[in-house]
Undergrad: 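One structure follows; several queries about it will come next.
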2 protein chains.
Amino acid sequence: MKISELSRSSGVSLPTVKYYLREGLLPPGRALGRNQAEYGESHLRRLRLIRALIDVGNLSVAGVRQVLQAVDDAELPGHHLLGTAHEAIAGSSRAERGTPGWQAARAEAARIVADRGWRVHEHAPALDQLADAIAALRELGQEDMLAMVDGYAEATERLARQEVGLVLARGDRAAMVEGLVTGTVLGEAMLTALRRLAQEHTSAGLTGPA
Amino acid sequence: MKISELSRSSGVSLPTVKYYLREGLLPPGRALGRNQAEYGESHLRRLRLIRALIDVGNLSVAGVRQVLQAVDDAELPGHHLLGTAHEAIAGSSRAERGTPGWQAARAEAARIVADRGWRVHEHAPALDQLADAIAALRELGQEDMLAMVDGYAEATERLARQEVGLVLARGDRAAMVEGLVTGTVLGEAMLTALRRLAQEHTSAGLTGPA
DNA sequence: GATAGTGGATAGGAATGCTATCCGATGGTG
DNA sequence: CACCATCGGATAGCATTCCTATCCACTATC
């Protein structure tokens, strides 16, 4: 198919498709001439993945590129792909790191993980994010909220087992890789949406009107 | 304290403090003269909250303003405050809504919530976000990931009970309001960070090296 | 009474994510 | 085989967001 059809059937405007091509999110089509190229189903599929990551996953264009490069790297072990996805999701935190308070929070994050017996990369971006949140709670004098950490950890551990199991249940590597990325990013979107709904339901039941 | 001291002790640059004042995130200080004003502990506290919402919670300045207005509205019932916080977090989704596929996903989201017996506002932004994720998964041919929804819902329901309980355990309204906001926003940050760590641990155990 | 700092206003700037326009080449259409 | 839409490729512009810089007249303080 030509670029205009790719644009039409994906719902992404033509200038935007060109932009994604420029940015290397979308691989170039098969060149038919100096100014003609053909795009296939894989391009359409890729375009949909890009939109899902940007629209639903709130990834930046740079983050998407990072993820897709990892997806396309056939050599990369699945485990590293997950790390790449996490880095891309994480984006660049604006939080102040390096202050004594943050360092303490960071150590606390490492201890929480170690106490659970979780083996994670010591430079995992999620450790820093956890430290960001802990440091912020302490700074705001909301340390009682830290009591939730255990509950969060237990819940996420159980969920991670299901998620990883689901991805591994797929046969081939390509499907697993896509499942890993979508599961990580879109799963997070589902989880946070459901959390908000559960909060609303619970708080309505306890504090709101009938 | 004067504005420069407020800037110094909060770690927020002076032009940025002025910017937050302009934007109405930070209430003006008590005017001492034509060009002097005094700021108190409450300003420092508010400034820290602003930074936490922006840095850790990834809220936009507009979202922070929305949340803070609700926080300051002493009349607003707690339940509505939660809704405001959710709206501010949600931001403006770029996802395509209104397509038949999305409408179906939206109906599915409503059914999931109804099946659980959750009573939520029918226009809750989180319902749309859930629909965004469901629609994206379907469009990408990853419907097997939808099997996770039950697990997510159950986990978030249990967590929400703990969270709401924790906030209600506080005595006065002001503390509850702040706890609600920080619990919603920073709790989400903690939950997602822990989810990533749990995923990394689990996937390492199953697919990675010892 | 110099000087540093103040509130207030306005302008500038970097990053992000597109969108618009121009170009010359080409492909299908009649 | 002429024509006009469309193509790829490139460059420029634009809207938004979140600050940052500069200027100003004034004032508290040393």
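Note that this is a predicted model, so its numbers are computed, not measured. Order of the sequence lines fixes the chain letters, A, B, ..., with proteins taken first and strands second; residue numbering starts at 1 for each chain.
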Undergrad: To the nearest angstrom, how far is A:L32 atom CG from D:dG8 atom C1'?
TA: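 It is 12 Å, rounded to the nearest whole Å.
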Undergrad: What range of DNA chain C does chain A touch, first nucleotide to last, counting atoms under 4.0 Å from its heavy atoms?
TA: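 First-to-last contact on DNA chain C, by the 4.0 Å heavy-atom rule, is C:dG17 to C:dG27.
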Undergrad: Would B:H86 and A:Q199 count as having a side-chain donor-acceptor pair, cut-off 3.5 Å?
TA: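 A:Q199 and B:H86 do have a side-chain donor-acceptor pair below 3.5 Å.
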Undergrad: How long is the line joining CG of B:N35 and C1' of D:dC26, in whole Å?
TA: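 Taking CG of B:N35 and C1' of D:dC26, I get 5 Å after rounding.
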Undergrad: Checking B:E200 side chain against A:H121 main chain: does a donor-acceptor pair fall under 3.5 Å?
TA: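 Pair found, side chain donor or acceptor close to backbone of A:H121.
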Undergrad: Check A:D144 with B:R170, please: is the shortest side-chain N to carboxylate O separation under 4.0 Å?
TA: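 Judged by the 4.0 Å cut-off on N to carboxylate O distance, B:R170 and A:D144 do form a salt bridge.
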Undergrad: Can you find a side chain N or O atom of A:Y39 that sits less than 4.0 Å from OP1 or OP2 on D:dG8?
TA: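 Checking A:Y39 against D:dG8: at least one side-chain N or O falls below 4.0 Å of OP1 or OP2.
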Undergrad: Could you give the distance from CD1 (A:I89) to CD (A:Q66), rounded to the nearest 0.5 Å?
TA: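 One gets 10.5 Å once the value is rounded to the nearest 0.5 Å.
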Undergrad: Can you measure from CG (B:L81) to CD (B:E178) and round to the nearest 0.5 angstrom?
TA: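 Answer for the CG-CD pair, B:L81 versus B:E178, is 10.5 Å.
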Undergrad: When the distance from CG of A:L21 to P of D:dC7 is rounded to whole Å, what number comes out?
TA: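 It works out to 13 Å between those atoms.
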Undergrad: With rounding to the nearest 0.5 Å, note down the distance linking CG in A:L68 to CD1 in A:I50.
TA: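 One finds 5.5 Å between CG of A:L68 and CD1 of A:I50.
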Undergrad: Which distance, rounded to the nearest 0.5 Å, do you find between the CG of A:D132 and the CH2 of A:W102?
TA: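 Here the interatomic distance stands at 6.5 Å.
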Undergrad: Expressed in angstrom and rounded to an integer, what is the separation of A:E23 atom CD from D:dG8 atom C1'?
TA: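 Whole-Å distance recorded here is 16 Å.
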Undergrad: Within the pair B:R34 and D:dA25, is there a side-chain N or O less than 4.0 Å away from OP1 or OP2?
TA: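 Checking D:dA25 against B:R34, no side-chain N or O comes under 4.0 Å of OP1 or OP2.
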Undergrad: Is there a side-chain contact (heavy atoms from CB on, under 4.5 Å) between A:R51 and A:Y20? Walk through the geometry before answering.
TA: CA-CA 10 Å; A:R51 294 310 309 190; A:Y20 290 158; 2.5 Å; yes
Undergrad: Does the protein touch nucleotides 10-23 of chain D at the base, only the backbone, or not at all? Give it as B, S and - per nucleotide, heavy atoms under 4.0 Å.
TA: -B------BBB---
